[in-house]
Visitor: 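Before I ask anything, let me first share the structure, which is written out below as structure tokens.
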Amino acid sequence: MVGVGWISASAQQVETALRYAPLEISFNYSYARSNAAPGQCGCFNMNGGSSEVAFHAFRALSVVADLTGERAAIIGANAGDGVSLVAFAVGPRFSHRFVGGKFTPFVQGLVGAVHGFNDSLFGAANARAVMAGGGLDLTINRHLAIRAIQADYLRTQLPNGQGNEQNLLRAGAGIVLRFR
């Protein structure tokens, strides 16, 4: 009967290891490629960071809050036309921890608001933001993971004089702290 107890204890340890942490906080570097006006690229690069808080609600389903800040010092050939944005969005995340618990891919859809501003004192606006994307976390131990990649599409509707729509593709990586 000793063997049966050992198997039961091992199965319980694997089940416990595969459970999702009730709270995860991530800190990420992000690079974003943005376009300023539809129909023509007017593209520029932004650098910044994001932080996410995920509350695991039920099995693989979480509620996520994302705070992102991005900055472009130069847009086009004009060195004085820097622009920044700060976005806050919330929504659901579905993640799946594979057997062994080392790889956890996820997808998410978030809705919120964005605040955009330029280098002048008068160029600021607020608008709706919609974000969809996903990523992959690599578990280091029960309290720490590496966010190997996160890629998101972010659509904003800030005034730009040409359709008031922006499309950003964001890619990043970082660390995830898991609280159990």
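The chain is numbered in sequence order, starting from 1.
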Visitor: Taking all non-hydrogen atoms of both residues into account, name the closest pair between D137 and R147 and its distance.
Guide: OD1-NE, 2.6 Å
Visitor: So, for G48 and Y29, which heavy atoms are closest and what is the spacing to 0.1 Å?
Guide: O-CD1, 3.4 Å
Visitor: Grab the two heavy atoms, one from P92 and one from L61, that are nearest each other, plus how far apart they are.
Guide: CB-CD1, 4.2 Å
Visitor: Please determine whether the number of non-hydrogen atoms from other residues, nucleotides or ligands lying under 6.0 Å from atom CZ of R71 exceeds 12.
Guide: yes
Visitor: Would you say the side-chain atoms of Q166 pair up with the backbone N or O of L158, donor to acceptor, closer than 3.5 Å?
Guide: yes
Visitor: For the atom pair OG (S62) and CD (E52), what is the distance rounded to the nearest 0.5 Å?
Guide: 10.5 Å
Visitor: If you look at every heavy atom in D152 and G133, which pair is closest and at what distance?
Guide: OD1-CA, 3.3 Å
Visitor: Does one hydrophobic cluster hold both I25 and I175, with members joined at side-chain heavy-atom distances below 4.5 Å?
Guide: yes
Visitor: Are F106 and Q150 side-chain neighbours, meaning at least one heavy-atom pair lies under 4.5 Å?
Guide: yes
Visitor: Is any side-chain heavy atom of V63 closer than 4.5 Å to a side-chain heavy atom of V90?
Guide: no
Visitor: Should V64 and F58 be regarded as members of a common hydrophobic cluster, given that ILVMFWY residues are connected when their side-chain heavy atoms come within less than 4.5 Å of each other, either directly or indirectly?
Guide: no
Visitor: Measure the shortest side-chain to side-chain distance between S50 and R170 over non-hydrogen atoms and say whether it is less than 4.5 angstrom.
Guide: yes
Visitor: Could you check whether any side-chain heavy atom of H56 comes within less than 4.5 Å of a side-chain heavy atom of P22, counting everything from C-beta outward?
Guide: no
Visitor: Just wondering, do L85 and M46 contact through their side chains at under 4.5 Å, heavy atoms?
Guide: yes
Visitor: How long is the span from the CG atom in N45 to the CZ atom in R33, to the nearest 0.5 Å?
Guide: 4.5 Å
Visitor: In this structure, would F103 and I149 fall into the same cluster of hydrophobic residues linked by side-chain contacts under 4.5 Å?
Guide: yes
Visitor: Can you measure from CZ (R97) to NZ (K102) and round to the nearest 0.5 angstrom?
Guide: 10.5 Å
Visitor: Check whether any side-chain heavy atom of Y153 sits under 4.5 Å from a side-chain heavy atom of L168, and report yes or no.
Guide: no
Visitor: Any chance you could measure L136, atom CG, to L138, atom CG, to the nearest 0.5 Å?
Guide: 5.0 Å
Visitor: Side chain of S51, backbone of S26: donor and acceptor closer than 3.5 Å?
Guide: yes
Visitor: If you compare all heavy atoms of G49 against all heavy atoms of S30, which two are closest, and at what distance to 0.1 Å?
Guide: N-OG, 3.6 Å
Visitor: Check for me, please, whether L144 and L23 land in the same ILVMFWY cluster - side-chain distances under 4.5 Å, paths through other members count.
Guide: yes
Visitor: Going by atom types only, do T139 and R178 share a side-chain donor-acceptor pair under 3.5 Å?
Guide: yes
Visitor: Quick check, are the ring centers of H96 and F94 under 6.0 angstrom apart?
Guide: no
Visitor: Are L67 and L110 linked, directly or through intermediate hydrophobic residues, by side-chain heavy-atom contacts shorter than 4.5 Å (ILVMFWY only)?
Guide: no
Visitor: How close do R180 and Y20 get, counting heavy atoms only, and between which atoms?
Guide: NH1-C, 4.1 Å
